[in-house]
Amino acid sequence: MSQSSPSVQTGLRITRALGHARYALAANPVTLCAVLLFMFVLGCAIFGPMLAPYDPLQTNGAMALKAPSWQHWFGTDQLGRDVFSRVLVAARLDLTIAFSAVIIAFIIGSTMGAVAGFFGGWSDLAVSRVCDTIMAFPLFVLAMGIVAAAGNSVINIVYATALINIPFYARMARAEVNVRRNAGFVHAARLAGNSEWRLLAVHIFPNTLPPMMVQVSLNLGWAILNAAGLSFIGLGVRPPDAEWGIMVAEGANFIVSGEWWMALFPGAALMLAVFSFNLLGDGLRDLVDPQKRT
Amino acid sequence: MSGSLLQVENLTVEFRTRNGIVRAVERVDLSVGRGETLAIVGESGSGKSVTSYAVMRILDSAGSIAQGSVMFSGIDVANADEDTMATLRGREISMVFQNPRLALNPIRKIGRQIEDVLIRHVQATHNNAKQKAIELLAKVRIARPEERYDAYPFELSGGMCQRVVIALALACKPRLLIADEPTTGLDVRTQKAVMDLIVELVAEQGMSMILITHDLGLAAAYCERVIVMEKGRVVEAASAASVFKDPQEPYTKRLVRATPRPGVSLRDLLPDPEIPYAAQTPRTESVEGQPLLEVRDLVKSFAPAQSASLLSRFMNKSVAEPARSVDGISFTLAKGETLGLVGESGCGKSTTSAMIMRLLDPTSGSIFFAGRDIGAIPARSFARDADRARLQLVFQDPTDSLNPRFTAARAIADPLYRLGGVTRADEARTAVEEIAKMVGLPHDLLDRFPHQLSGGQKARVGIARAMVLRPDLVVLDEPTAALDVSVQAIVLNLLADLRAELGMSYLFVSHDLQVVRMLCDRALVMRAGRIVEEGSAAAVLEDPQHAYTRELVSAIPHPPL
């Protein structure tokens with residue numbers, strides 16, 4: 001082992017990581033379920049447009065409001081568009097909005113929180129008060145306001161969703177960094193000549209990742225709901241684009257007249273996506289926690 | 001068998017884990033007679049605590065009694081139903097736990113907690129519970145019990161909390177008391193007070209006691225019989241008097257050997273005393289010239305907490321004086337010398353070492369390191385100082401001081417990259433492997449994470465990390481406090497060997513006078529932020545001058561030798 005080359009070590013590390021992933025999944029069948037479900041949702045987002053049997057925007061007056069059949073699995077809507085194709089295609093848009101919003105919120109929020117938790121003082125005060133201010137608003141209403149004011153576009157939905165998620169990451173990162181600020185290994189790293197910023201970035205922050213990953217996963221589900229919610233009330237994504245929120249909104253008008261499939265299937269897709277992200281949260285924690293590695 | 005209160009036969013306890021079934025306790029036989037005191041001694045992982053949990057049937061859900069019987073005054077504990085056990089626990093058998101703060105409910109007044117137990121086991125009614133609780137507090141010698149009845153656990157010291165836990169355990173006059181490491185984490189004087197109290201109360205009430213401890217000296221000093229456990233098995237059962245004098249089994253012999261006691265040298269602690277003692281040479285001749293470290297009138301005061309001062313400002317009270325945790329201490333440390341800093345928790349010894357290590361800024365005073373006042377350099381910018389590499393620290397808790405996401409090799413290499421000017425991975429690896437060899441850490445352990453290493457291995461990683469830069473001064477902050485005695489013996493010898501090999505100076509911070517005597521040339525005794533005694537390490541222990549030092553020395557458990 002004494003003269004092992006870097007490539008051998010990297011290979012070793014990858015094998016070890018895979019082995020750990022296999023162990024974590026085998027130990028918890030629920031996580032395995034969540035991972036499979038997540039892969040399925042992700043697969044729909046990536047391959048959906050290729051797999052869709054019909055053009056999601058193609059109207060066909062003759063086929064309007066048909067119940068689910070072998071030809072149209074999820075039925076058709078008031079303009080004769082295939083609901084199955086639309087649900088499938090919408091996955092990409094919804095996941096893109098959710099992922100980009102959560103990534104932005106995670107990067108900005110955890111950086112703010114980590115700095116506040118580590119350095120304290122005025123940076124802590126500033127970050128905490130900003131978070132309090134954002135949290136003081138009803139978050140969905142705040143997001144509505146931002147999208148309405150900044151303009152009705154997909155990118156603004158992303159920004160609005162990111163902004164209302166920042167306080168969660170900031171507070172969590174602040175708490176997680178704060179409890180580790182005076183840990184023995186941090187002092188040890190200080191003695192080893194690490195600068196304060198390096199201490200935070202290399203020694204403390206990676207240790208806060210396990211709980212943060214859970215938050216990310218839960219947040220993804222929440223972000224999808226938020227984006228769909230905004231579209232449902234007519235902000236952000238506009239018809240005729242396929243998006244779960246709009247489809248539920250459009251379908252809702254037809255439930256009274258018995259055409260339940262238009263709202264049910266996009267709603268079910270939404271539920272499935274949120275469900276898989278929430279389940280994944282616990283599994284992710286097991287995967288990223290080095291304490292569980294053997 | 002009518003004479004014995006507790007009879008354990010052929011007890012095997014198994015735990016289900018991810019790696020299959022683990023036998024924590026295997027075929028243990030023991031018995032405790034009425035009014036008898038028995039000590040179960042073993043190192044961590046020997047199954048001593050699990051045995052007592054099995055007797056109380058409080059094993060966690062993964063564990064179960066796989067085999068054997070536990071009879072407590074005619075009741076078959078292994079097969080009894082949960083109702084019987086609930087009455088048995090607390091009423092007939094009670095337990096004193098290791099960490100008194102965890103055993104007490106932090107948001108309930110201690111008097112109330114005692115009342116809860118009394119009422120639960122119908123020892124008192126709501127009318128006289130308070131009076132009985134105060135009686136119990138008085139019985140465990142808590143001063144001003146009427147006032148302390150209203151205290152919360154956080155308002156009491158560790159020793160006081162342990163007294164409250166003892167009061168809780170004795171509330172229902174049980175017939176068997178199980179004390180699981182009751183004094184671990186307490187200072188030696190508090191340990192003596194708590195143990196004296198337990199033994200006295202047990203004798204007074206005619207109870208039986210099982211004392212579970214890792215400290216053979218403590219066990220032999222306070223119990224009639226001793227059982228030594230290793231890896232889940234009983235290796236030796238003997239009377240307290242004979243276990244030290246005439247140990248039979250090889251494991252017991254090793255344990256007795258590793259226990260620091262008067263009149264032995266560091267080498268004597270090791271199982272194999274044949275190795276010559278390299279560090280035996282007296283190092284007083286190197287004192288001439290300027291000392292390596294000189295501390296002058298060092299003071300550290302901590303301002304009272306902000307919220308408290310704000311509150312007192314509102315209530316128009318004067319703001320409290322800042323508490324002086326280190327109160328003007330001065331000493332010197334010569335090159336190549338080992339200086340012991342002894343004191344109880346809260347005496348300021350850790351604050352002192354943190355200031356010398358430049359992790360903490362002193363309030364006033366100066367720290368001269370090789371003639372330069374490093375105390376004047378702010379702790380925050382000391383990471384980039386030229387002397388950073390020359391001052392290193394070995395931490396008290398080997399687990400807490402290792403980054404859980406760093407492998408052992410990466411932890412040891414970190415100072416090399418930051419301060420040692422090493423940039424290439426293979427260069428670092430060579431240096432890491434060299435120091436790992438010196439501290440006796442096998443190379444295949446270097447790629448493990450801290451949680452995959454044992455306590456002794458983690459301690460070695462911590463030592464290797466401190467030594468890899470070949471510093472001039474190493475502060476050892478209770479480096480063996482979290483280790484078993486046999487591991488402690490090895491680590492202490494390793495430290496002595498490294499000093500001889502690399503020619504460093506040590507500042508050894510400890511609460512254990514015996515260990516200081518063996519490792520150090522000189523010793524300082526600290527109390528409440530001040531140095532009360534200074535002298536050669538042997539003289540301080542054998543002929544203490546200050547009353548406080550005498551008290552410390554006499555509180556060390558004296559096993560019948």
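The sequence lines fix the lettering, A, B, ..., with proteins before strands; numbering per chain opens at 1.
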If we ignore hydrogens and angles and just use 3.5 Å, is the side chain of B:Asn403 paired with the main-chain N or O of A:Phe185 as donor and acceptor? no

Between B:Ala389, B:Pro398, B:Ser401, which has the largest tally of heavy atom pairs under 4.5 Å with chain A? B:Ser401

Is A:Ser195 close to B:Arg380 at the side-chain level, that is, under 4.5 Å between some pair of heavy atoms? no

Going by heavy atoms in the side chains, are B:Pro404 and A:Asn207 under 4.5 Å from each other?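 B:Pro404 vs A:Asn207: side chains touch.
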
Sequence neighbours left out, what passes salt bridge (Lys or Arg N to Asp or Glu O under 4.0 Å) with B:Asp387? Give chain and number order. B:Arg372, B:Arg390

Chain A heavy atoms under 4.5 Å from B:Leu402: which part of the residue, side chain, backbone, both or neither?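 B:Leu402 touches chain A through backbone heavy atoms alone.
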
Side chain from CB out, backbone as N, CA, C, O: work out which of these in B:Arg465 comes under 4.5 Å of a heavy atom of chain A, or both, or neither. side chain

Residue pair A:His187, B:Leu393: steps toward the side-chain contact (heavy atoms from CB on, under 4.5 Å) verdict: CA-CA 9 Å; A:His187 286 311; B:Leu393 176 70; 5.9 Å; no

Is it true that, when you exclude A:Tyr159 itself, more than 12 heavy atoms of the residues, nucleotides or ligands shown sit nearer than 6.0 Å to its OH?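 For A:Tyr159, atom OH is not crowded (no more than 12 foreign heavy atoms under 6.0 Å).
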
Could you measure the distance from the CE atom of B:Met357 to the CZ atom of A:Arg190? Nearest 0.5 Å is fine.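 Those atoms lie 14.0 Å apart.
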
Partners meeting side-chain contact (heavy atoms from CB on, under 4.5 Å) with A:Val202 (sequence neighbours left out):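 Partners of A:Val202 by the side-chain contact (heavy atoms from CB on, under 4.5 Å) criterion, ordered by chain and then number, come out as A:Arg198, B:Phe406, B:Arg410.
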
Residue pair A:Leu191, B:Phe395: steps toward the side-chain contact (heavy atoms from CB on, under 4.5 Å) verdict: CA-CA 11 Å; A:Leu191 288 172; B:Phe395 289 83; 3.8 Å; yes

Listed by residue number, which members of residues 124-139 of chain A have a heavy atom under 4.5 Å from any heavy atom of chain B?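 Heavy-atom contacts from residues 124-139 of chain A to chain B are absent.
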
State which residues pass ring-ring contact (aromatic ring centres under 6.0 Å, His included) with A:Phe140; sequence neighbours excluded, sorted by chain then number. none

